[in-house]
Amino acid sequence: MVVGLGEASHEQDEGRQLSYFGGTSSSSSRNTSPIGRGLGYRNVSPSRQKVIKTKPRGLDEEMVATFAKAPHPDIVVHMEDNIWAMLPEDLLNEILARVPPFMIFRLRSVCKRWNLILQDNGFLKFHSQVPSHGPCLLTFWKNSQTGQTPHCSVFSLPLKQWYKIPFTFLPQWAYWLVGSSGGLVCFSGLDGLTFRTLICNPLTQSWRTLPSMHYNQQRQLIMAVDRKKRSFKVIAASDIYGDKSLPTEVYDSTLDSWSLHQTMPAVNLCSSKMAFCDSRLYMETISPLGLMMYRLDAGYWEHIPAKFPRSLLDGYLVAGTQKRLFLVGRIGLYSNLQSMRIWELDHVKVIWIEISRMPPRYFRALLRLSAERFECFGQDNLICFTSWNQGKGLIFDVDKKVWSWITGCALQTYNSQVCFYEPRFDASMY
Amino acid sequence: MSFSKTIMLRNYDGETFVVDEVVAVEPQTIEHMIEDGCANTSIPLPNITSKILSKVIEHCKKHVETPNSNEKDAKADLKSFDFDFVKADQGTLFDLILAVNYLNIKGLLDLIYQTIADMIKGKTPEEEEEMRRVNAWVFSCFVGVTCLYFKSKKI
């Protein structure tokens, strides 16, 4: 049985290395995955045996190969203050640029005076030029046992490590995660009876609320940051239940106000599946399956007559880099040949072209019961699948055509929300 | 004299280092000095000690002498050289970083930055005492750096 070292728990200190991924010792009663039950010996060929003795179903060479390399043991280095105190600021910035944002963030939580450094303009300006740390997964959930206190953990894909981020800096509303873009994270929820939207940067622990919309109620929201223009936009499409005909509203941070635009046609057919890329918001309509596009510059909705694959179920729209748009969903539910497939929209021919299929062993490992629900989202040509019951995530790199697993207790909470996140210090409230 | 392929570097301790020109121009600062015609007798480097200067020259030499190929052996050899090169005490690393920054040797500078970043990364988070010490170090950089830096600056 592959057992995790220092397995993650909600109370765990951040940065604890997870060298092998397996079940947690405190599996909930709901967890019926093979990992949780400790599946017994599986027939493996002699050449594989030297790697692992027993493997839960779904864990195979690919998974071991991805995460099997033992992490470097934490080296305790005592930085001698008297030596480094005289280091010039620009050299210090260069060094900090090579330290993962979460490490710098941790330094901050030790002493309040460290706040000053994160707000220092020299540091922020320098950091805006630093290349991105890489894609991370931000998970957010509320621990009902401790009275709805918010919890947030971030998984850094480059470092393959979980980091806990305190979320007590946010107000005490009933909010939930909308999404993240360019280092900012958007939440919306109810402050008493009022619906509000807020934007925050978890690394700098700063936040602000947005002004109320013209039709201020729970709506489908999506946020997009434009780093070059140092601004962001939030688009409110339809009412969350899809039964009210509301005009599309767009918040522009440079104007700090919402503007009204065309109501989405066929609003009663809209789903919650949206994706934003290249200044366009794509939304899936159901019965029949179709694609609507909202152009930010024009302020109008357009129907994209791309025919959806037949017998597609649970289709998700995922934005890729530049203009790429993916459709992810399963074909053939209740059939033995059920499969999860990925299509890409050909903007010129206006058709969906199948680009990949999830290998059956990953599909079986992700969705133990073939009709099980899954969530799918993506960013920068990475598509992530999460399954509530399995408490794990599967990431597909569209460019490299590689599948890899992510586990950790943060994914096991049934009400946790996940999205891709890019940690940036310089993503300010604009 | 104009065909001489060696450059003389005179440092803080008054010592003179004779270095092949091709090695001496690795540091951009020296390259510019030569281009500007300041290298008639020897190039003064008053703020660098012999110990540090000899280390820097050693690094430049190694990188100049290693053929710039994509061969695995050459690359691995360089990598292991670099790995051993930065195994120095913190005082040396500090002096190195200031010297290499002044001399403007990009490759070596990146190496040292990354080394120190790794030292910070390698800290065990549980040790709050440890974190406070680091914090004191980092914070004191920002608080005390202006006066201390200009005081110690000899450039």
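Chain A is the first sequence line, chain B the second, and so forth, proteins listed ahead of strands; every chain is numbered from 1. Computed from a predicted model, the values in this text were never measured in an experiment.
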Task: Side chains of L91(A) and L98(B) in contact at under 4.5 Å (non-hydrogen atoms) - done: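 Yes, their side chains come closer than 4.5 Å.
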
TODO: Would you mind reporting whether I116(B) and V99(A) have side-chain heavy atoms less than 4.5 Å apart?
DONE: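 They are not in contact (no side-chain heavy atoms under 4.5 Å apart), so the answer is no.
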
Task: Between OH on residue Y113(B) and CG on residue L96(A), distance to nearest 0.5 Å - done: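 With rounding to 0.5 Å, OH (Y113(B)) is 11.5 Å from CG (L96(A)).
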
TODO: Hey, could you give me the CD1/CD1 distance between I97(B) and I95(A), rounded to the nearest 0.5 Å?
DONE: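 Separation between the atoms: 4.0 Å.
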
Task: R98(A) bridged to D110(B) by N-O distance under 4.0 Å - done: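 A salt bridge links R98(A) with D110(B).
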
- [ ] For atom CZ of F83(B), decide whether the heavy atoms of other residues, nucleotides or ligands shown that lie under 6.0 angstrom number more than 12.
- [x]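 No, the 6.0 Å shell around CZ holds no more than 12 heavy atoms from other groups.
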
- [ ] Check the surroundings of atom NZ in K61(B): do more than 12 heavy atoms from other residues, nucleotides or ligands lie under 6.0 Å from it?
- [x]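 It does not: K61(B) NZ has 12 such atoms or fewer within range.
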
- [ ] Pick one of side chain, backbone, both or neither for L109(B), based on which atoms fall under 4.5 Å of a heavy atom in chain A.
- [x]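 Nothing of L109(B), per the 4.5 Å heavy-atom cut-off to chain A.
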
